[in-house]
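Just so you know, these numbers use all the heavy atoms, side chains as well, and skip hydrogens, waters and symmetry mates.
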Amino acid sequence: MSHFSALQIGLLWQRLSGFIDEAAQVFVRAAFSSVVRDNWDMAVGLMDSQGRQVVQSTKSVPSFIGTMPRTLAVMLTRIPRDQLVEGDVLISNDAYHGTGHLNDITMVKPVFRAGRLIGFIGSTFHSVDIGGAPSVDARDSWEEGLTIPVCRIVERDVESPVVLAFLTENLRAPHETLGDMRAQFSAYAQAEARLLRLLEAEGLDGLDELVDDILARSEASMRRAIEAVPEGSYQDEIWLDGFDTPLKICCTVKIAGGEIAVDYAGTSAQIARPINSVMGYTIAYTHYALKCLFDPATPNNDGTFRPITVSAPEGCLVNPRRPAPVWARHLSGHYLPPLIFGALARVLPDRVIADCGSPLWNVYFQGLQPDGRRFVKMFFMNGGHGARQGRDGPACLSFPSNVATVSIERFESSVPLRITEKAILADSGGTGRYKGGPGQRISFQVTGNDPVAMTIRHERVKFPPRGLLGGGPGAPGRDLINGEPVAAKGRYALAPGDRVTFDTPGGGGFDSGKV
């Protein structure tokens, strides 16, 4: 029997959510890197003493929300709870225990009250530079950069000089990464103070009893939503551009007894190229898609996902065996929400959207600033959004990732590159009763006196975004250097004055009248 009324739960939830959002703002405002400060490629979360996710910042990347508690579980097998003390902060970026690639670093601070562990404040952020030589030609995960094993980056409020040294010696721009890490320490301090104040004000010894209630309510809400959908087994499959040959992801969604089982049997085997999606990332984007479809309005926490199981054959593209390369794991993982939408379109036609111009497009630039300093910058680009029942798709809106786009002015002020064109591609969205959103054209020109290395890793060039329920496909994407088409996955040397142009894919159309 719950000790909290519905009103109390609502108020306490809002307070928890509020101070975690406040912590996220502290992190972003204090961050050194553009990818955190401008793109919001990060998340902050609160977990109870059992490691159950309770709340996360509302402006968070879905994959980080889904993987943070799994990373904490691994951390606690390496450094058990009874070995943690006040002032510790744990760190790791192991791709197979984290978000799926080395660029995402997860840190967790245990929170104590009266000497007793009561919970964890965690965060994940994208570091553009992680050392090594990340490449679309990587054949194993060891080529992709520095792996930080589970360890303490802070012990009893003192930063570890050893951990800081191996980060400094392995990164091209350590000041950015270390600056972002220290920005998170400030966020932890603020969130911890707010949490302890809340517990004191409410007369609570810890979080666990409150969390039990919150998770139970979220689970019940999700089960009710699932029970309202006809039971059955629903399938879909989708083709990826891949590298030398196309690849396929297959999906079966079974709904029965207020539960959902998602199975990716039939998916192509893992490949020796860095587009494999580790199981944690696969689970995260599967959960995200189902949350969007079934119960988007209730709090997002571990209770929501108790009625859901996810499986995939070991050694396949969405559950690879170590050391398969994974740097660009979004090139398979971002296909999972549209795949699930496609499977459930006929039973949930008013909730699904047609395929978007994703996986997310981005480009890495590396080179020298005019003063000789090295730079590594990433720029995100979005394709058109898929149409849905009753509405055309908007232009250039990110999905399923929700990272923001940096302003042209801020980007140009930080690198020797100029954006010479940024325009909507008219008529690139799919046809139908409701049209897919158009993609965009964006062009960059090297303005410095030194060459610039560019790495791209794009999809939807051979297989454009699909329409849904009778809608037409969106336009495929294109990559050009000085007007000549180039492969969508590769590393290229740009000379001074060279211009590179990207046409992002258009979203799929929707026509439910043809069901």
Side-chain angles (χ1 to χ4, degrees), residues 35 39 41-43 61-68 70-71 74 92-106 124-128 130 132-148 238 240-243 247-249 251 264 267-289 310 312-340 358-364 378 380 398-403 455-460 488-489:
V35 75
N39 301 127
D41 199 348
M42 48 70 68
V61 176
S63 59
F64 296 172
I65 296 169
T67 57
M68 196 182 298
R70 294 179 182 83
T71 303
V74 173
S92 181
N93 72 332
D94 188 314
Y96 280 81
H97 297 147
T99 72
H101 72 178
L102 296 174
N103 294 81
D104 296 332
I105 299 173
T106 297
T124 303
F125 75 105
H126 185 106
S127 174
V128 175
I130 199 61
S135 165
V136 295
D137 296 316
R139 302 295 172 165
D140 59 48
S141 58
W142 290 301
E143 295 185 39
E144 299 184 308
L146 172 69
T147 294
I148 307 168
I238 198 165
L240 290 63
D241 296 350
F243 284 84
L247 301 167
K248 183 171 67 171
I249 303 177
C251 174
Y264 293 104
T267 295
S268 297
Q270 69 185 58
I271 64 172
R273 294 293 186 90
I275 64 171
N276 302 286
S277 170
V278 304
M279 194 62 188
Y281 193 77
T282 294
I283 291 171
Y285 269 114
T286 302
H287 282 176
Y288 176 59
V310 184
E314 187 178 6
C316 79
L317 189 66
V318 296
N319 185 17
R321 297 185 185 92
R322 193 191 291 268
V326 292
W327 178 49
R329 86 289 195 225
H330 70 287
L331 296 187
S332 54
H334 282 187
Y335 279 104
L336 303 182
L339 189 61
I340 291 170
S358 57
L360 182 68
W361 278 41
N362 57 28
V363 54
Y364 280 82
M378 181 168 58
F380 291 106
S398 179
F399 183 87
S401 180
N402 59 352
V403 293
T455 301
I456 56 175
R457 40 187 193 163
H458 300 154
E459 278 277 324
R460 303 285 199 178
K489 299 178 182 70

W361 side chain vs E459 backbone, donor-acceptor pair below 3.5 Å = yes
query = Looking at V61 and N402, what are the two nearest heavy atoms and their distance?
reply = CA-OD1, 3.5 Å
key: Heavy-atom pair of closest approach, residues S63 and Y281   = CB-CE1, 3.4 Å
remark   = Looking only at heavy atoms, the pair that brings A272 and P325 closest together is C-CG, 3.8 Å
task = Give, for atom NE2 of H334 and atom OH of Y288, the distance between the pair rounded to the nearest 0.5 Å.
result = 9.5 Å
ask   = Given the rule in the side-chain contact (heavy atoms from CB on, under 4.5 Å) test, do Y335 and R460 qualify, once you have shown the distances and angles that lead to the verdict?
value = CA-CA 10 Å; Y335 279 104; R460 303 285 199 178; 3.5 Å; yes
query = Got a sec, which pairs hit salt bridge (Lys or Arg N to Asp or Glu O under 4.0 Å) with one end in residues 133-145, sequence neighbours left out?
reply = D137-R273
remark   = Taken in chain and number order and not counting sequence neighbours, the residues that satisfy side chain to side chain contact (heavy atoms under 4.5 Å, CB included) with T267 are I249, C250, Y264, C316, L317, V318
ask   = Do the ring planes of W327 and Y364 sit parallel (below 30°), tilted (30 to 60°) or perpendicular (above 60°)?
value = tilted
inquiry  = Going by salt bridge (Lys or Arg N to Asp or Glu O under 4.0 Å), name the pairs with one or both residues in residues 275-288, residues two or more places apart or in two chains.
reply    = none
Short side-chain donor-acceptor distance under 3.5 Å, T106 and T124 = yes
query = So among P320, S277, P359, which one has a side chain to side chain contact (heavy atoms under 4.5 Å, CB included) with S332?
reply = S277
inquiry  = To the closest 0.5 Å, what do you measure between CG (L146) and CG (L102)?
reply    = 7.5 Å
inquiry  = Would you compute the distance between atom CD of Q270 and atom CG of N276 and round it to the nearest 0.5 angstrom?
reply    = 5.5 Å
query = Side chains of V278 and N319: does their closest heavy-atom pair fall under 4.5 Å?
reply = no
query = What do the steps show when you test S135 against T455 for side-chain contact (heavy atoms from CB on, under 4.5 Å), and what is the final call?
reply = CA-CA 8 Å; S135 165; T455 301; over 6 Å; no
ask   = If you take all heavy atoms of S401 and P62, which pair is closest and at what distance?
value = CA-CD, 4.4 Å
ask   = What are the two closest heavy atoms between S358 and P400, and how far apart are they?
value = OG-CD, 3.7 Å
ask   = Which residues satisfy the ring-ring contact (aromatic ring centres under 6.0 Å, His included) test with F380, sequence neighbours excluded?
value = none
remark   = Hits for side chain to side chain contact (heavy atoms under 4.5 Å, CB included) against A328, two or more places apart or cross-chain, chain-then-number order -> I275, H330, L331, R457
task = Could you give me the CA-CA distance, side-chain angles and deciding distance for I340 and Y285, then say whether side-chain contact (heavy atoms from CB on, under 4.5 Å) is met?
result = CA-CA 10 Å; I340 291 170; Y285 269 114; over 6 Å; no
Summary of salt bridge (Lys or Arg N to Asp or Glu O under 4.0 Å) pairs that have at least one residue in residues 321-332, sequence neighbours excluded = D94-R322, D104-R329, E314-R321
ask   = How far does NE2 of H287 sit from OG1 of T282, to the nearest 0.5 angstrom?
value = 11.0 Å
ask   = So, for S398 and L360, which heavy atoms are closest and what is the spacing to 0.1 Å?
value = OG-CD1, 4.0 Å
query = When you look at D241 and K489, which way does the side-chain contact (heavy atoms from CB on, under 4.5 Å) test go after all the steps?
reply = CA-CA 10 Å; D241 296 350; K489 299 178 182 70; 4.0 Å; yes
key: From S127 atom OG to I105 atom CD1, the distance as rounded to the nearest 0.5 Å   = 4.5 Å
note = In this structure, NE2 of H126 is separated from OG1 of T99 (nearest 0.5 Å) by 9.0 Å
